[in-house]
Amino acid sequence: MHTFGLKTQILSGEGSLEYIETLNVNSVCIVTDMTMIKIGALARIAKVLDKASIKYRIFDSVEADPSLDTVRKGLNHIIENKPDALIAVGGGSVIDAAKAIMFFCIKTKEELVHKSEIHKPLFIAIPTTSGTGSEVTSFSVITDYSASTKIPLTDPLMLPDIAILDAGFTLSVPPFVTADTGMDVITHALEAYVSNSAGSFSDVYAEKALDLALKNLITAYEKGSDVKARQNMHDASCMAGIAFTNAGLGINHSLAHAIGGRFKISHGRANAILMPHIISFNSGLLDKTTEIYGEKYDQIAKKLGLNLATREERIIAFIELIKKLNEIMGIQSSFRAYGINENDFIKVISEMANSALGDICTDSNPKKATKFDLEKLLKLAFQ
């Protein structure tokens with residue numbers, strides 16, 4: 001049995017931000033970070049709110065890898081001001097923080113005897129990067145720095161009510177971030193498509209996300225002011241988010257999570273470096289297994305026009321296409337190339353493999369992976 005759900009109302013393209021004017025709300029809390037204020041993103045939203053005579057307060061304390069302490073402060077902000085709507089404006093970290101605030105807001109309300117003390121606001125997400133798909137997923141990761149641990153949250157309560165996909169917010173994103181987030185989109189879509197929990201509904205979103213991302217990422221990278229390419233990447237990111245929140249991900253993400261937790265390399269870039277090796281492993285090419293798991297990779301290769309004689313040749317061609325994308329955007333082919341010390345990496349390979357093995361994403365990988373397999377993939381990606 002396959003399940004599929006889509007709660008979030010999605011508004012995409014030019015004029016989508018103006019939808020806020022039509023909301024039946026009197027007060028708003030905006031969750032964001034200082035970067036959004038500096039680049040003028042908040043000014044755009046403030047203009048719309050002012051036009052609609054909607055009062056607003058700004059909580060701008062969100063940092064990269066948002067902390068549990070920040071979420072607590074944001075929750076107090078909501079409890080004190082009782083806004084009708086919460087608007088998250090920013091990248092994945094900001095939206096993750098807003099989701100956690102919403103999660104604890106609802107949970108706290110459920111625990112109170114006098115539930116009227118906390119008001120559940122309408123939840124609106126406005127992503128400013130095209131990568132995480134966080135505006136349509138029920139996942140959030142918060143860091144407890146006092147315990148040196150990341151807290152993964154997953155609950156339908158965190159799904160935004162409305163997602164506004166306005167490419168105008170992404171025009172100032174620098175090329176290297178466009179590259180990293182764009183490869184994250186491709187990884188989300190591809191892993192959702194080959195997932196052992198994939199179904200016909202999630203496949204539709206994954207396929208379209210891959211199609212849009214593969215056709216538009218290089219243009220968005222090379223010509224950041226190209227609104228059409230930016231909007232297509234924004235839409236692709238959202239579609240990939242819908243796909244993976246329903247179908248799950250795989251060991252590409254499990255290993256990227258493990259590496260990102262120990263070394264300073266962005267999540268999207270870690271995914272990009274790992275991807276060729278993961279495709280090779282999952283399809284059976286790496287270990288030359290009798291049973292080839294690569295049917296869905298082959299389907300993607302055919303859709304891309306890689307019409308070679310055999311499945312193996314087509315999948316190899318698809319892997320080469322991913323490598324070429326990385327090369328064009330300046331993403332190196334190994335973790336070694338980013339200055340990670342080999343001894344430091346080898347020391348924690350066992351720990352990283354164990355971490356990846358226990359990651360929730362591993363459960364939906366199309367091919368069962370052992371700790372030995374994960375260690376082998378880490379070593380290949382390092383070299």
Side-chain angles (χ1 to χ4, degrees), residues 35 63-65 90-96 127-134 141 143 150 170 172-192 209-210 213-214 216-222 224 230 233-234 236-237 240-241 244 249-281 318-342 344-345 348-349 352-353 355-356 359 361 374 377-383:
T35 299
E63 71 277 45
D65 297 320
S93 291
V94 167
I95 297 177
D96 268 11
T128 58
T129 59
S130 305
T132 66
S134 189
V141 178
T143 303
K150 288 185 178 291
T170 71
S172 61
V173 174
F176 76 94
V177 177
T178 299
D180 290 355
T181 54
M183 292 308 291
D184 199 19
V185 172
I186 290 171
T187 314
H188 285 156
L190 187 59
E191 288 208 288
L210 275 172
L214 291 170
N216 291 276
L217 178 54
I218 297 302
T219 302
Y221 172 78
E222 295 178 341
R230 289 290 198 182
M233 285 305 301
H234 226 25
S237 176
F244 85 74
L249 292 165
I251 59 172
N252 207 135
H253 266 77
S254 300
L255 290 169
H257 291 157
I259 290 168
R262 289 164 177 79
F263 299 100
K264 289 185 178 180
I265 187 163
S266 80
H267 174 68
R269 190 147 297 210
N271 272 326
I273 293 168
L274 286 161
M275 201 185 313
H277 305 290
I278 304 304
I279 297 171
S280 182
F281 170 77
F318 179 50
I319 291 171
E320 291 304 313
L321 185 151
I322 296 298
K323 289 180 178 178
K324 188 64 178 177
L325 272 178
N326 286 341
E327 181 185 339
I328 291 171
M329 296 187 295
I331 297 175
Q332 300 296 320
S333 61
S334 71
F335 292 114
R336 180 199 291 275
Y338 287 96
I340 296 175
N341 180 274
E342 183 169 8
D344 291 342
F345 195 85
V348 294
I349 274 188
M352 290 193 292
S355 177
D359 193 300
C361 297
L374 297 174
L377 289 165
L378 285 167
K379 289 172 184 176
L380 286 169
F382 180 80
Q383 299 296 338

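Numbers here are sequence positions counted from 1. All values reported here derive from a predicted model rather than from experimental measurement. These values consider heavy atoms only, across backbone and side chains, with no hydrogens, waters or symmetry-generated copies.
In this view, Ser93 satisfies the side-chain hydrogen bond (donor to acceptor under 3.5 Å, both in side chains) rule with no residue, not counting sequence neighbours. Partners of Asp65 according to the side chain to side chain contact (heavy atoms under 4.5 Å, CB included) rule, which considers only residues two or more places apart in sequence or in another chain, are Thr143, Tyr145, Lys150. Evaluation of the side chain to side chain contact (heavy atoms under 4.5 Å, CB included) rule for Thr128 yields Met36, Val89, Phe169 as partners, not counting sequence neighbours. Residues forming a salt bridge (Lys or Arg N to Asp or Glu O under 4.0 Å) with Asp180 (at least two apart in sequence, or on another chain): Arg269. Every residue meeting the ring-ring contact (aromatic ring centres under 6.0 Å, His included) condition with Phe345, not counting sequence neighbours, appears here in chain and number order: Phe263, Phe382. Residues satisfying the side-chain hydrogen bond (donor to acceptor under 3.5 Å, both in side chains) criterion with Asp359, sequence neighbours excluded, are His257. Scanning for side chain to side chain contact (heavy atoms under 4.5 Å, CB included) contacts around Thr181 gives Thr129, Val177, with sequence neighbours left out. Evaluation of the side-chain hydrogen bond (donor to acceptor under 3.5 Å, both in side chains) rule for Thr178 yields Arg230 as partners, not counting sequence neighbours. Under the salt bridge (Lys or Arg N to Asp or Glu O under 4.0 Å) criterion, Glu63 pairs with no residue at all, not counting sequence neighbours. Listed by chain and number, the residues in a side-chain hydrogen bond (donor to acceptor under 3.5 Å, both in side chains) with Thr187 amount to none (sequence neighbours excluded). Every residue meeting the side chain to side chain contact (heavy atoms under 4.5 Å, CB included) condition with His277, not counting sequence neighbours, appears here in chain and number order: Leu377, Leu380, Ala381.
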task = Give the intermediate values and the outcome of side-chain contact (heavy atoms from CB on, under 4.5 Å) for residues Leu217 and Met183.
result = CA-CA 8 Å; Leu217 178 54; Met183 292 308 291; 3.9 Å; yes
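Sorted by first then second residue, the salt bridge (charged side-chain N to carboxylate O under 4.0 Å, His left out) pairs that include residues 319-331, not counting sequence neighbours, are Glu320-Lys323, Lys324-Glu327.
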